[in-house]
Amino acid sequence: MPSATSPADTMFQRLLCCICGQSTADADDYVLLGISAPGIPTEQWLGAHAEHLNSTLARGFSVEVHKM
């Protein structure tokens, strides 16, 4: 669990892939997911390899990574 206090802090550290549990340190397809719910002030952040995330999403949904 990251010790970051803001989304900006979380974006600068790599989290383990929430699908495979492995490091994302050198991954070119790293994605950071933020989850929130109405009425709850906290957020949950998950890191993932896009390839692994795509393998678990419902048909018709996908994540694409574009380098800026």
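Quantities reported herein were computed from a predicted structural model and do not represent experimental measurements. Sequence positions, counted from 1, serve as the residue numbers for this chain. Atom set for the values below is all heavy atoms of this structure, side chains included, hydrogens, waters and symmetry mates excluded.
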Trainee: My understanding is that only residues two or more places apart in sequence, or in another chain, count here; which of them pass salt bridge (charged side-chain N to carboxylate O under 4.0 Å, His left out) with Asp28?
Mentor: Lys67
Trainee: May I ask you to test the Tyr30-Val65 pair for a side-chain heavy-atom distance under 4.5 Å?
Mentor: no
Trainee: Tell me the closest heavy-atom pair linking His49 and Ser23, and the distance in Å.
Mentor: NE2-O, 3.3 Å
Trainee: Please identify each residue that fulfils side chain to side chain contact (heavy atoms under 4.5 Å, CB included) with Leu57, with sequence neighbours left out.
Mentor: Leu53, Asn54, Phe61, Val63
Trainee: Shortest non-hydrogen contact from Ala25 to Arg14?
Mentor: O-NH1, 3.8 Å
Trainee: With sequence neighbours excluded, what pairs up with Gln22 under the side chain to side chain contact (heavy atoms under 4.5 Å, CB included) test?
Mentor: Cys20
Trainee: Could you pull out the closest heavy-atom pair between Val31 and Ala50, with the gap in Å?
Mentor: CG1-CB, 4.2 Å
Trainee: Atom CG of Leu32 and atom CD of Gln13: how far apart are they, to the nearest 0.5 Å?
Mentor: 9.0 Å
Trainee: Just jot down the side chain to side chain contact (heavy atoms under 4.5 Å, CB included) partners of Leu46, sequence neighbours excluded, or say none.
Mentor: Cys18, Leu33, Ile35, Gln44
Trainee: If you look only at pairs with a residue in residues 44-64, which of them pass as a salt bridge (charged side-chain N to carboxylate O under 4.0 Å, His left out), with sequence neighbours excluded?
Mentor: none
